[in-house]
Protein chains: 2
Amino acid sequence: MNKIEILIIDDEPAIRKLLQIALESNDYKVTQAATGKEGEILAANHPPELILLDIGLPDINGHELLREFRKWYNKSIIILSVENSEEDIVSALDNGATDYLTKPFRTAELLARIRSAIRRNQTEESTAIITCGNLQIDLVARTVKVNDQPVKLTVTEYNLLCLLAKNEGKVLTHHYVLKEIWGRGFQTETQYLRVFIAQLRKKIETNPNKPEHILTESGVGYRFY
Amino acid sequence: MNKIEILIIDDEPAIRKLLQIALESNDYKVTQAATGKEGEILAANHPPELILLDIGLPDINGHELLREFRKWYNKSIIILSVENSEEDIVSALDNGATDYLTKPFRTAELLARIRSAIRRNQTEESTAIITCGNLQIDLVARTVKVNDQPVKLTVTEYNLLCLLAKNEGKVLTHHYVLKEIWGRGFQTETQYLRVFIAQLRKKIETNPNKPEHILTESGVGYRFY
DNA sequence: GTATTCATAAATATTTTATAAATAAATTTG
DNA sequence: CAAATTTATTTATAAAATATTTATGAATAC
């Protein structure tokens, strides 16, 4: 059978054990990491359907790690924490956490929240390759081709292009793009966006002065075709 | 301009008031219902982007109501509850609740969970298209087509057209339009409006001298068909 | 018929955008 | 670790797009 995979990132062996037993007896396949670094490596090698992330890891700030994950991992991440501060919860959710649970948690509740999170995952369709005229984006391989020629993009350029391409035809406002790519607090840095759009156009447009893919909607934002 | 709508279903007036203040100050549009029945009717007539549902309503069992909603309503439902029993939470999440919060809740946390839930909603396809004769306005993509040909509008032109189109058949006074598009303090700048109406007509009317969509009501304002 | 309101073109002012280039920060390489 | 390289951020400025103002003749109300 194809069991659903869950990655646990927690430094306490007792909790990992507890979670492992609970999850495996509910027919999930469990992978474990004791540190943030280890967790990132495991997830990158073999992305799980869901990550249970302890926010209080010794080697790396949990919120940092969450933001790192969200640069490329778009499935569910449930945060586990001994903290119960409003600020902590708000920050986690705004940084893209799917859910937030306070330790000690109740197993049945955790399982229900996991089911809910996975259910949501599976309604989202995931297309591996976006094609648009002479442009191809392979979301799995993270490569971009123009006229079948590979183009090298930086992380930010790639994320920006993906965001645009995933919303083909829609105007994306400056605010929205800045929030999605740079995060909260950068929503007024419109100039960042301009610089990167110019950069992207140089790389993917046949004639950057007459862009065919990334169109400007003056006063609003950008639109991708 | 286009505020996100949230429906509160709760029998306690104090909580409704609290929520209303918190939500409205965060730029959501709020609708309220004191009973389950009332909530169902309101939601059916005008589906909100998110429902905040108190599970302990006097007239109907909250879990029942949730199941009812889930038969047709596929956006986010966040459960509010004084209960904190595992069983209750598990049941709600398994019945399709997006999230579960225990009263008393912290406002910032609720707001963060609302943002998170709505963010998820909006990744799903939602089409809102106003059609009017040969004219089409796609409110999500922010595009306007005349005879299936895309027409480029500036921000102000687009906002103006939307305002008119959303009030098809009604006379909108100069004052009202100026207040909505330019804001308070511009209500006497009738000339602005004339310039932009002429501009719009050039772009969307087949024959701008004999407008079919934007009609003048001399001395009063404009009417859209 | 006169006063008021309206449509429109055109001139001017303002805002927004594109882009190069400089600096800072992060990452890679030896 | 330090130099080299890449990438991100900041600054500056010219160009483009848009908004506002002005002017004038046409339409409408009374």
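Note on naming: letters A, B, ... go to the chains in the order of the sequence lines (proteins, then strands), and numbering restarts at 1 for each one.
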Among [options], find the nucleotide with the atom closest to the side chain of [X].
X	options	answer
Phe196(A)	dC6(C), dT16(C), dA8(D)	dA8(D)
Tyr222(A)	dT5(C), dA8(D), dT17(C)	dT17(C)
His174(B)	dA19(D), dA18(C), dC6(C)	dC6(C)

Checking side-chain polar atoms at under 3.5 Å, does Ser91(A) have a donor or acceptor matched by the opposite partner on His63(A)?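 Checked: Ser91(A)/His63(A) side chains pair up, N/O donor to acceptor below 3.5 Å.
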I'd like to know if the side chain of Arg194(A) pairs up with that of Thr216(A) as donor and acceptor (distance under 3.5 Å, no hydrogens or angles considered).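 The answer is no; no qualifying pair exists.
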Nearest whole angstrom, please: distance from the [atom2] of [N] to the [atom1] of [X].
X	N	atom1	atom2	value
Leu160(A)	dA8(D)	CG	C1'	13 Å
Asn159(A)	dA8(D)	CG	P	9 Å
Arg201(B)	dA9(C)	CZ	P	12 Å
Gln199(B)	dT8(C)	CD	C1'	9 Å

Can you see if the side chain of [X] gets near the phosphate of [N] - specifically, an N or O under 4.0 Å from OP1 or OP2?
X	N	result
Lys152(B)	dT18(D)	yes
Arg194(B)	dT8(C)	no
Ser218(B)	dA29(D)	no
Tyr192(B)	dT22(D)	no
Trp182(B)	dT20(D)	yes
Thr154(B)	dT18(D)	no

Partner of His213(B) by ring-ring contact (aromatic ring centres under 6.0 Å, His included), out of Tyr225(B), Tyr222(B), Phe224(B):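 By the ring-ring contact (aromatic ring centres under 6.0 Å, His included) criterion, His213(B) pairs with just one of Tyr225(B), Tyr222(B), Phe224(B): Phe224(B).
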Glu157(B) near the nucleic acid: base, sugar-phosphate alone, or nothing, with a heavy-atom cut-off under 4.0 Å?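 Here Glu157(B) touches no strand at all.
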Take Phe186(A) and Gln191(A), find for each the nucleotide of DNA chain D with the closest heavy atom, and name the residue whose nucleotide sits nearer the 5' end.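 By nearest-heavy-atom nucleotide position, the 5'-most residue is Phe186(A).
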To the nearest 10 degrees, what angle separates the axes at the start and end of the helix from dG1(C)-dC30(D) to dG30(C)-dC1(D), five pairs each?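 Nearest ten degrees gives 40° for this helix.
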